[in-house]
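Here, residue 1 is the first one in the sequence, and each next residue gets the next number.
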Amino acid sequence: MLQTAIEAARRAGRVLAERYPAARTLTVKGYRDIVTDADTAAEAVILDLIRARFPDHTIISEEAGGSEISSGYTWIVDPLDGTTNYAHHLPVFAVSIGVLERGEPLIGVVHDPLRDQTFVAERGGGAWLDDVPIHAGRVAHLGHAGVGLDWGHDDEVRGRVLAYLHQVLPRCGTVRALGSAALALAYVAAGWLDGYFNLALKPWDVAAGTLLVAEAGGRCSTLEGEPYRVDLPGCLATNGLIHEELLTLMRASSG
């Protein structure tokens with residue numbers, strides 16, 4: 001399954017990279033929510049490979065949909081995380097493939113096709129970037145930390161993000177909004193970001209990335225500090241060292 005996830009992500013990445021310079025064909029799915037021709041083409045490559053090798057496994061994919069998380073193996077697929085960036089030719093996007101075993105993350109792959117970087121995690125096996133082990137960063141104080149976030153589509157969600165940001169921004173080193181949850185989580189795992197939060201996540205955004213963070217020695221929770229599951233919309237991911245400090249600020253903003 002691990003090798004299939006890596007192979008599928010890289011095959012889809014080649015599709016995205018090949019189509020990247022061309023004009024996009026866009027379809028509006030919802031408010032501030034689009035899909036491109038590249039999303040669906042990359043998704044078809046991934047789903048065909050998984051179905052050929054694991055026909056009995058459940059698949060949930062952003063564009064094709066799918067059933068509920070199963071009691072066996074469930075593949076969670078985002079063929080293009082960062083569609084808005086891709087549509088604007090902003091080179092920050094990735095393929096994300098996660099495998100759950102009885103609802104718990106087992107395998108995670110996040111592939112950046114333009115940089116040809118593949119982040120990989122397997123439960124109990126650590127996290128890797130192109131065969132080199134990666135570890136969450138060692139920044140222990142928020143004042144030196146780089147914190148990532150993403151806005152979500154909904155106006156109400158953006159208002160809540162602003163409330164959190166009002167608490168965090170004056171106290172942290174810097175803030176970045178990447179537009180790709182999968183990449184942001186991979187960057188926390190690699191120590192390139194020290195923390196990341198998002199209030200409007202779907203399973204395909206995080207099934208791979210949260211496992212990367214955990215296997216790299218970081219921590220993921222809800223914004224209330226409860227254990228995080230991939231079917232929850234709000235997640236705080238950090239190197240572990242600044243987690244409680246960020247949770248305290250977030251509780252203050254909601255209180």
Side-chain angles (χ1 to χ4, degrees), residues 2 5-6 9 76-78 81-82 92-101 103-112 115 117-140 142 144-150 164 168 172-173 175-247 250:
L2 177 62
I6 293 170
I76 311 287
V77 175
D78 193 340
D81 187 62
V92 184
F93 55 87
V95 182
S96 177
I97 301 175
V99 182
L100 308 182
E101 182 184 33
E104 295 297 324
L106 175 67
I107 290 167
V109 176
V110 175
H111 176 63
D112 181 337
R115 294 170 183 82
Q117 294 177 327
T118 307
F119 301 84
V120 176
E122 188 171 17
R123 187 196 304 156
W128 304 76
L129 170 56
D130 297 331
D131 301 322
V132 177
I134 56 175
H135 306 281
R138 304 305 299 168
V139 172
L142 189 57
H144 302 294
V147 178
L149 61 88
D150 279 308
Y164 288 129
V168 173
C172 72
V175 169
R176 297 288 184 265
L178 298 184
S180 168
L183 275 183
L185 291 165
Y187 290 179
V188 172
W192 304 348
L193 284 173
D194 303 299
Y196 173 75
F197 68 94
N198 193 317
L199 310 186
L201 294 161
K202 299 293 186 181
W204 45 81
D205 298 317
V206 293
T210 52
L211 183 62
L212 282 165
V213 172
E215 290 295 326
R219 178 181 171 189
C220 296
S221 76
T222 68
L223 276 72
E224 295 74 39
E226 299 299 321
Y228 183 73
R229 303 191 318 266
V230 299
D231 59 344
L232 297 176
C235 179
L236 172 64
T238 74
N239 60 13
L241 302 176
I242 62 167
H243 205 92
E244 290 300 327
E245 193 173 359
L246 277 171
L247 281 176
M250 290 173 173

Distance-minimising heavy-atom pair for [X] and [Y]:
X	Y	value
Ser221	Leu247	OG-CD2, 4.1 Å
Gly108	Leu211	N-CD2, 3.6 Å
Ala208	Val110	CB-CG2, 3.9 Å
Tyr164	Met250	CE2-O, 3.3 Å
Ala136	Gly217	CB-C, 4.2 Å
His243	Thr238	ND1-OG1, 2.8 Å

First locate atom [atom1] of [X], then atom [atom2] of [Y], and finally report the distance between them rounded to the nearest 0.5 Å.
X	Y	atom1	atom2	answer
Leu129	Thr118	CG	OG1	8.0 Å
Leu246	Phe197	CG	CZ	8.0 Å
Cys235	Leu223	SG	CG	7.5 Å
Leu236	Ile242	CG	CD1	8.0 Å

For this session: Could you go through the side-chain contact (heavy atoms from CB on, under 4.5 Å) check for Leu142 and Cys172 one step at a time?
Result: CA-CA 5 Å; Leu142 189 57; Cys172 72; 3.9 Å; yes
For this session: Mind jotting down which residue pairs meet the salt bridge (charged side-chain N to carboxylate O under 4.0 Å, His left out) criterion with at least one end in residues 227-242? Sequence neighbours excluded, please.
Result: Arg229-Asp231
Exercise. Sub-3.5 Å donor-acceptor pair from the side chain of Asp112 to the main-chain atoms of Ala94, do we have one?
Worked result: no
Exercise. When you measure from the side chain of Asp194 to the backbone N and O of Val147, does any donor-acceptor pair fall under 3.5 Å?
Worked result: no
Problem set entry | Residues which pass salt bridge (Lys or Arg N to Asp or Glu O under 4.0 Å) with Glu101, listed by chain and number, not counting sequence neighbours | Arg123
Does the side chain of [X] reach to within under 4.5 Å of the side chain of [Y], using non-hydrogen atoms?
X	Y	value
Asp130	Gln117	yes
Leu178	Tyr196	no
Val213	Tyr228	no
Val230	Ile76	no
Val139	Leu241	no

Seminar exercise, completed: The complete set of side-chain hydrogen bond (donor to acceptor under 3.5 Å, both in side chains) pairs with one or both residues in residues 200-219, sequence neighbours excluded, reads Arg219-Glu244
Exercise. Can you list the residues that meet the side-chain contact (heavy atoms from CB on, under 4.5 Å) rule with Glu122, with sequence neighbours excluded?
Worked result: Leu2, Ile107
For this session: May I have the step-by-step check of side-chain contact (heavy atoms from CB on, under 4.5 Å) for Leu212 and Leu185, ending in yes or no?
Result: CA-CA 7 Å; Leu212 282 165; Leu185 291 165; 6.0 Å; no
For this session: Just jot down the ring-ring contact (aromatic ring centres under 6.0 Å, His included) partners of Tyr187, sequence neighbours excluded, or say none.
Result: Trp192
Problem set entry | Listed partners of Ser180 passing side-chain hydrogen bond (donor to acceptor under 3.5 Å, both in side chains), at least two apart | Asp81
